[in-house]
There are 2 protein chains.
Amino acid sequence: MRYKLLANGNRPIMAYLIPGDLCDVHVSLLAQMDHSIATLSPCRIAYIPRERIDAIMNDHPRLARALWWATLVDEAILREWLVNHAHRPADQRLAHLLCEILLRSKAVGLTDDDSFELPITQDELGDTMGLSTVHVNRTIQHLRATGLITSQGRRVVVDDLERLMEFCGFNPNYLHQQSEAARRR
Amino acid sequence: MRYKLLANGNRPIMAYLIPGDLCDVHVSLLAQMDHSIATLSPCRIAYIPRERIDAIMNDHPRLARALWWATLVDEAILREWLVNHAHRPADQRLAHLLCEILLRSKAVGLTDDDSFELPITQDELGDTMGLSTVHVNRTIQHLRATGLITSQGRRVVVDDLERLMEFCGFNPNYLHQQSEAARRR
DNA sequence: CGTGCCGTTGAGCGTTGTCAACCAGTGTGG
DNA sequence: CCACACTGGTTGACAACGCTCAACGGCACG
């Protein structure tokens, strides 16, 4: 995850990185890091030396383009989070976050029939959505009561993805998950 | 500004573009636009054809790098907005937004001794920060009463920037406004 | 002199936060 | 094997922040 530490004791979480995501191109381009990165579960991490990125920029314009593309997708996700945090009530906010995690996990083959492992505590969900732990808990119960999700321990099951997306106004286009062919038109 | 239109009638504003900002590199890289762009005041806009961007990517790695850099700064700003929207109360949220607009305007020479024109209605500020117009109004009055800002019509005057930044916990590092020399280290 | 936009104010309500406590599961050391 | 501590989830009561609804005033524009 990406996070910051605030003077008031809050620890806002600003992004979840799932397997396959680039996490740190910033380091080679920006002079200083403006946030921190931490793991929420055991991770395997590939290290790409700065010189390698430089070399790609110089000699491989198509790869450079792809890297830039990845940054633009991250940006799109951030914009959607912004919308989600500031303009939707807690229940839709949580539902929206779950939809995104489900679709992104699915894209890398980490789901099992619209159910997935969520290695995130309710406290961390609160830090992500700007809600208190208590309210996150009640919101989860609300979604369960409405039949929108089922959860056993860390496993979240979405029985009817269409309905969940409908509930929170989820439009997946911001994830830009089309095939490369479609992307180049 | 960048904005979206939601089914529930909201119109979240996700970014303000000030003179000199790139507004639309997305078009040449992402297959579809996931948000809209509109002007809040009269603007002069430079159009860069898609082929020109392609050419830069292929033949001018240093320019390509600079474009990518600009994207990363946009991303950093989005992250900070995310923090601001989800983790600060209304008064600090507004103060933080004003600090950012002031610093970004100052960087392009649009300020006059820590005062600047803000061509944004209270309604639009509400759409930006996820607050109702009424509450934005009361928040502005609160900042005025505390002596943190003065405003005459569209003009906002910050008498004591240090104090305003202190009030909202503003850390300007996310704007990455160092000189190019510092940036390359 | 109307019309419309923007800012302002008041009253009442609802969502969410805080505080405090309790419970279940898990790992640890005696 | 059993206390013990610790983490994460759950619940209740109450307060606060921010929203909605409704109305009004100033100002620009035609």
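We name chains A, B, ... by the order of the sequence lines, and we start the count at 1 in each one.
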* List the atom of A/T111, the atom of A/S105, and the distance in Å for their closest heavy-atom pair. => CG2-CB, 3.6 Å
* Any pair counted as salt bridge (charged side-chain N to carboxylate O under 4.0 Å, His left out), so long as it reaches residues 144-171 of chain A, sequence neighbours left out -> A/E117-A/R155
* Side-chain N or O of B/Q141 closer than 4.0 Å to phosphate OP1/OP2 of C/dT9 -> yes
* Applying the salt bridge (Lys or Arg N to Asp or Glu O under 4.0 Å) test to A/D127, which of A/R2, A/K4, A/R11 qualifies? -> A/R11
* CA sep, side-chain torsions, deciding dist, call: B/Q92, B/F170, side chain to side chain contact (heavy atoms under 4.5 Å, CB included) -> CA-CA 9 Å; B/Q92 293 176 34; B/F170 187 90; over 6 Å; no
* Once you round it to whole Å, what is the distance between P of C/dT16 and CG of A/L94? -> 12 Å
* Structure fact -> Taken to the nearest whole Å, CG/A/L131 to P/C/dT15 is 14 Å
* To do: Let me know the distance between CD1 of B/I120 and P of C/dC6, rounded to the nearest Å.
  => 13 Å
* **Value in whole Å for how far the P atom of D/dC19 lies from CG of B/N8** => 13 Å
* Rounded to the Å, how far apart are A/H135 NE2 and D/dA13 P? -> 17 Å
* Asked: Considering heavy-atom distances to DNA chain C, does A/V136 or B/D123 have its closest nucleotide positioned more toward the 5' end?
  -> B/D123
* Asked: Is A/S132 touching bases, backbone alone, or none of the nucleic acid, heavy atoms closer than 4.0 Å?
  -> base
* Please give, in whole Å, the distance from D/dG18 C1' to B/R138 CZ? -> 10 Å
* **Whole-Å gap separating P (C/dC19) and CG (A/N137)** => 18 Å
* Does B/Q122 place a side-chain N or O at less than 4.0 Å from the phosphate oxygens OP1/OP2 of C/dC5? -> no
* Structure fact -> Per atom distances to the B/T121 side chain, the nearest of C/dT16, C/dG10, C/dG7 is C/dG7
* Asked: For A/R154, which contact category applies under a 4.0 Å heavy-atom criterion: base, sugar-phosphate, or nothing?
  -> sugar-phosphate
* Structure fact -> Whole-Å distance, B/L40 CG to C/dC6 P, equals 11 Å
* With a 4.5 Å heavy-atom cut-off, do B/L40 and B/I120 have their side chains touching? -> yes
* Mind checking B/G130 for me? I need base, sugar-phosphate or nothing, with any heavy atom below 4.0 Å counting as a touch. => sugar-phosphate
* When all nucleic acid strands are considered with a 4.0 Å heavy-atom cut-off, which category describes A/R144: base, sugar-phosphate, or nothing? -> sugar-phosphate
